[in-house]
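In what follows, a structure is listed as structure tokens, so that the remarks can point back to it.
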Number of protein chains: 6
Amino acid sequence: MKVKDLIILLGGHVFKGILSRDYSTILRISSVLRKLRDLDIKMAIVTGGSDTARIYIDAIRSMGGDNYTQDYAGILATRLHAMVIMSSLGSLAYPKVVESYEDAAIAIAMNKIPVAGGMQPGQSTDAVAALMAEKLGFYFIAKMTGVDGVYDKDPRLYPDAKKLENLTYDELEKIVASKPYHPGTYELLDALSIKILRRSSISTIILSGDKPEALLDLIEGKDVGSVIRPG
Amino acid sequence: MKVKDLIILLGGHVFKGILSRDYSTILRISSVLRKLRDLDIKMAIVTGGSDTARIYIDAIRSMGGDNYTQDYAGILATRLHAMVIMSSLGSLAYPKVVESYEDAAIAIAMNKIPVAGGMQPGQSTDAVAALMAEKLGFYFIAKMTGVDGVYDKDPRLYPDAKKLENLTYDELEKIVASKPYHPGTYELLDALSIKILRRSSISTIILSGDKPEALLDLIEGKDVGSVIRPG
Amino acid sequence: MKVKDLIILLGGHVFKGILSRDYSTILRISSVLRKLRDLDIKMAIVTGGSDTARIYIDAIRSMGGDNYTQDYAGILATRLHAMVIMSSLGSLAYPKVVESYEDAAIAIAMNKIPVAGGMQPGQSTDAVAALMAEKLGFYFIAKMTGVDGVYDKDPRLYPDAKKLENLTYDELEKIVASKPYHPGTYELLDALSIKILRRSSISTIILSGDKPEALLDLIEGKDVGSVIRPG
Amino acid sequence: MKVKDLIILLGGHVFKGILSRDYSTILRISSVLRKLRDLDIKMAIVTGGSDTARIYIDAIRSMGGDNYTQDYAGILATRLHAMVIMSSLGSLAYPKVVESYEDAAIAIAMNKIPVAGGMQPGQSTDAVAALMAEKLGFYFIAKMTGVDGVYDKDPRLYPDAKKLENLTYDELEKIVASKPYHPGTYELLDALSIKILRRSSISTIILSGDKPEALLDLIEGKDVGSVIRPG
Amino acid sequence: MKVKDLIILLGGHVFKGILSRDYSTILRISSVLRKLRDLDIKMAIVTGGSDTARIYIDAIRSMGGDNYTQDYAGILATRLHAMVIMSSLGSLAYPKVVESYEDAAIAIAMNKIPVAGGMQPGQSTDAVAALMAEKLGFYFIAKMTGVDGVYDKDPRLYPDAKKLENLTYDELEKIVASKPYHPGTYELLDALSIKILRRSSISTIILSGDKPEALLDLIEGKDVGSVIRPG
Amino acid sequence: MKVKDLIILLGGHVFKGILSRDYSTILRISSVLRKLRDLDIKMAIVTGGSDTARIYIDAIRSMGGDNYTQDYAGILATRLHAMVIMSSLGSLAYPKVVESYEDAAIAIAMNKIPVAGGMQPGQSTDAVAALMAEKLGFYFIAKMTGVDGVYDKDPRLYPDAKKLENLTYDELEKIVASKPYHPGTYELLDALSIKILRRSSISTIILSGDKPEALLDLIEGKDVGSVIRPG
């Protein structure tokens, strides 16, 4: 598989150290991103929300705030993470947090890296990554998350769970719907995102946020993580 | 002193419980704000940043981000707090976080409570409160913070520090500049804010964020906290 | 069931006459909306796209345009329909097509009827109606579409199909997934919308766009169409 | 005449096939635009509205909508056409429909082709092309329309009408005002546009939308269509 | 003639004293506007540019700036005048300078007076007033300018010039086109404005900016200035 | 001292000729800016307000307008000056007046010169220059003003006043606070600006607006004006 231009989706897992001021994961990711850039890879970055999102969503819910407003607070939290990544990239990054897909395309046209968080209530950052891939004409999303791939059973419960190196979105949906998973605890990609990824033939590669160097292997054509294809 | 329409500035202190999911202070403040509303007080609210702001500012600095971007992250943190307060006020609040002084004035014209966080890098939420008072034509700012007034010496260092019930901005500047204070540790109002407050004859009342009920006393004409007047 | 404030979702079906300059359906709907207003019902309107959307989506696809841009053209088409409805409401409507949920809330606060089309690529007008209900704190969506309710089988294929007057979102999902339906031909509500409707306990009433007077019956508490409840 | 940088104004005539899904004219124009680009011609594109505009303007008028709103619907229709052209140009085009003259200038500075529809109620797309030429510092507008030039009499009524290869804006105004034309039926350029074109010494070349290849001849210096000069 | 809701267009003449700090005319106008408000007249205000506009247009032209940019500077000048009028109206005015017709309509819905300057290069403030009347559904524009009405000849050149109390837009065009006027020196309404005024049946009343009290007479039904009707 | 990328702050003094249509100073500055550009200097320009600002601030105050609105009018005046400078730079300048620091950074990324006036009420153009330097990562501001440097006493009052070629912000503050100055008449940099300049280690060079050629000397490494360093 030849991956070139891609969306890099940094899940909340990547930012888990921030509240305790541990920036080691982010620094390693930032270093990998700079190397990708040196290899002339075109990329756009989407950042997730993690604990900060959860804390404010909880506060707003406790105050009686509606789900729309809760989502919106989650978006602000993802934008804080976008600013952290933007800062780590210095002048390589587009100089403002991207708040529309059109702005992401303008950034790419200026040879800058667009960095976005969430965009709209009701929409996950997975969906943002998928729509951004559509708008930019990219065919790959690398999702950096808490597991290093898709497993046939929940790897946190079954020691014999087997990683699937290649699968389709259809297969992913069957696995997630099947018994060995606790529903809701292991949603790698939500339904809206899969719908968009399928309609535009975009593949997703699941990688561990703790091993960002795998992104370099991916670009070199090595098999890493799990690749989910349109079918 | 007859206080009617006012800006209520909720310092970071008020939000210190959020990261540990302790919403008691916010709930008490929210209850007071609703009572003020029942008394037909026109008000606008400005929220500070606290730990969340400091955490992200630190992360961005550690990534090499500039001071402008650090300030901007602080502003996003204050807006998260604005959303918490907005949610606690339900339909009394203007339905989006206010990001311009003009929007605040439109909210007031619609008989809704505008809630804002920071506005611009390089500008404290004190300055936001001062400019908003100018734009709305209000003559009072109640600042809810970690101390219950202005003291002649730093009350955290000197047990015999005396609270000043009435003073002018000139006197405030002299106290802050004088020896018994560790510079920078006790800045109740920054220089830009004082300049604006003075030019538009706006008084500031310093109250403890832990005793929000004092706001009701203030409206009833009782002496609470410290009142700083233009002179 | 006591329905008061509600979102009225005018599906593409309602606008099917526009290309042939037949405005009879729209005029009847407009007359019903004015009557609802006289009854002091708070409402917001979301308009679908129909043929105009399909024509431009097809043109853009034929030119090599991506799915994101196709969706965006669909949104412009829905906004043309929003302008038609807005015009039919005269000064009862908010004076610009609503392009954010916050603007819808501002319209309601001003006692005007917000009229929106689509908002974001990747998101149906069903999802717009659901998010708007969340933001406005409304618990009902009346969807005016090409059928007068939910049937246990596809009514266009099975003459013995039975209308279900009451069902849950769970039941709706089972019916749609079951054999007697040609998948995709009868999607009354998409997955993202159902997720939002469920999390915020919003009910949807399916009504025929050809009998808009049913909206008045609904408000009077009569049983009309099919009511889908959170469960 | 040496034409280099230019505004290409695609009149509604060019889009007449869209409602019947006939894209042949647009495909030929798109192919010519790509060739112009290969010749290093700087260009900006403005698209007209055609039937879609007329249909929605009629619907809005029938609903009691004012002329301002009718114009606005016409603008949305022209933006649908802008998206069609944008899609046909792929990454050569600026990635969002241009909604301000400043954005057009930014697109040019980024070496992308700006594509705009209408801008403001009360203003034709001719006027948009004229103002865009001013802002971009271009001296030529090529208007692709339903006739292949300016005639001394209405060519649809008089078989002996003669095409004028060169004329001034003064002469154009005299012809249009003279008897052999049915007033209003043959307005090649409106009064506001001519005023702008004159004050900034911009020439207009009238070409047939059915023969887009004439644009290539124009760039090569050949005499095509009718050239209207400031005088 | 019964004039109720109206656009008040304050021509540049009204602001001629500003550069020499003579505010007498503006103060008188402001006092009249407040009285109109007391009479429950709905109104919107459009301000012209005068010397300040001319000075900056000249500076920009001298620097090589294009006509578009010159117009834009003129618009900023008119907005300075809008701020002066807004300030004179205090809380009666919408709290920001209106930059879109939709905002003007929102202001009216909030029972505030919208104040606008220019909107777009290529468009006079006459055209702004005309489009605003369309959007707001108003049928009258009162233009306060340097003359107290329309004359059959240029009153500055011909002592026997006669004021016309009633005329149509057709008649106005004939007078302006006729010999006794120096073309360009006495353009009471430009061609674009007349086109809009005609299509929406809006009347214009020409009044002297030096006698703003005539506005009160107008509302009382007295004959003042010159009334130009659609015909 | 090696100055490369810099903010050029054109104080109101530079624009003092505009009201009397004397453009000589601006033309000389423009010529210097073009030479700097030929030397591959990256720069951003901030323009002050001068008499035009003062005139409108006075008018608004006289009408009862608040200080916020007065400041805002001052900002519009600085933007008129930004348009004059922008026009003098032709296609070297970013094609719209910069109204956010992010836009300034985008301009730099596109290799265009951003030109801004004021940004926010309550904030001087000095502060704008300081924040822009932060956002762009520049370490120098050249302020072109009415004096050619910092003096130990007010040079307009004391013939023996001595120019200081090098000083720190601390020293500047002491001089300004000391007796020989009339407070307020000689504020070279306000408190907010100095705070920002210090926190980001940005130096300011004070130059005479009447000798813009000194900017070329500065770039060549010569000692000109007064250099104020963070310390």
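Computation of the quantities below employed the complete heavy-atom set of this structure, encompassing side-chain atoms and omitting hydrogens, waters and symmetry-equivalent molecules.
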Quick check on B:Ser200 against chain F: is it the side chain, the backbone, both or neither that has a heavy atom closer than 4.5 Å?
both

Does any heavy atom of chain F fall under 4.5 Å from the side chain of B:Leu131, the backbone, both, or neither of them?
both

Strictly less than 4.5 Å between heavy atoms, which residues of residues 106-118 of chain F line up against chain B? Please order them by number.
none

Under the side-chain hydrogen bond (donor to acceptor under 3.5 Å, both in side chains) rule, what do B:Glu102 and F:Tyr68 come out as? Steps first, then yes or no, please.
CA-CA 10 Å; B:Glu102 285 76 13; F:Tyr68 177 92; 2.9 Å; yes

Are there residues of residues 50-59 of chain B whose heavy atoms fall under 4.5 Å of chain F's heavy atoms? If so, which?
none

Salt bridge or not for B:Lys135 and F:Asp71, using N-O below 4.0 Å?
no

So what's closer than 4.5 Å to chain B heavy atoms on F:Tyr72: side chain, backbone, both or neither?
side chain

dist F:Ser124:OG -> B:Lys195:NZ (nearest 0.5 Å) comes out at 6.5 Å

To the nearest 0.5 Å, what is the distance between CG (B:Asp66) and CD (F:Glu134)?
6.5 Å

Polar side-chain atom of B:Asn67 near backbone of F:Arg199 as donor-acceptor pair, under 3.5 Å
yes

Exceeds 12 heavy-atom contacts within 6.0 angstrom, atom NZ of F:Lys42:
no

